[in-house]
Peer 1: 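Before we start, here is the structure in question, set down as structure tokens.
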Amino acid sequence: MHDNDAEGNEFFKCDFCHSPWSEERPMVEGHKGSLICGACLRVAYTEVVLGGGGVGPRDGVGCTLCLQTNDTLHWQSPIDDCSVVCRSCIESSAHTFEKDPGTRWQTPADS
Ligand SMILES: [Zn+2]
Ligand SMILES: [Zn+2]
């Protein structure tokens, strides 16, 4: 999200943990300025893609990143139940991080 009351890095906040952007906290941007940080994506990927967990879609609540409603499982923010991310956005965001060496992102693997 874009926090219009803040400046600089603080302007960019993860929609899922509300932490501001920083060097250590890379983010992927979705539609309408939505953002997910690497830490949240790691949890989402582990729970939904590796663990087969997550929550089903709710009426009227689309994926925060792609704004679509689809019937895949979603990861829901622990602090903001209006922020959900669909499985396909979790996977495509992980690919975006993978392609950018600056993020030092490693896609979680089945252990
Ligand atoms: Zn986050
Ligand atoms: Zn999505």
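Numbers here are sequence positions counted from 1. Counting starts at 1 for both ligands and their atoms, following the listed order. This structure is a prediction, so every number in the text was calculated from the model and none was measured. All values below come from the heavy atoms of this structure, side chains included, with hydrogens, waters and symmetry mates left out.
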Peer 1: Measuring to the Zn ion (ligand 2), does H74 have an N/O/S atom at a distance below 2.8 Å?
Peer 2: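 Of the N, O and S atoms in H74, none lies under 2.8 Å from the Zn ion (ligand 2), which means no.
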Peer 1: So, do W75 and F16 have ring centers that fall under 6.0 Å from each other?
Peer 2: yes
Peer 1: With distance as the sole criterion, is a donor-acceptor pair present between the side chains of E98 and T107 under 3.5 Å?
Peer 2: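 There is such a pair between these side chains.
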Peer 1: Where the Zn ion (ligand 2) is the centre, what is the SG-to-SG angle for C86 and C89, rounded to 10°?
Peer 2: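 Once rounded, the angle between the two atoms at the Zn ion (ligand 2) is 110°.
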Peer 1: Using a 6.0 Å cut-off, check whether atom CD of Q106 has over 12 heavy atoms from anything other than its own residue.
Peer 2: no
Peer 1: Is the terminal nitrogen or CZ of R42 (NZ for Lys, CZ for Arg) located under 6.0 angstrom from the six-membered ring centre of W105 and within 45° of that ring's axis?
Peer 2: yes
Peer 1: Quick check for you: with the Zn ion (ligand 1) as the vertex, what angle do SG of C37 and SG of C17 span, to 10°?
Peer 2: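 My answer is 110°, to the nearest 10°.
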Peer 1: Check whether any N, O or S atom of H18 sits under 2.8 Å from the Zn ion (ligand 1).
Peer 2: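 Checking H18: none of its N, O or S atoms is under 2.8 Å.
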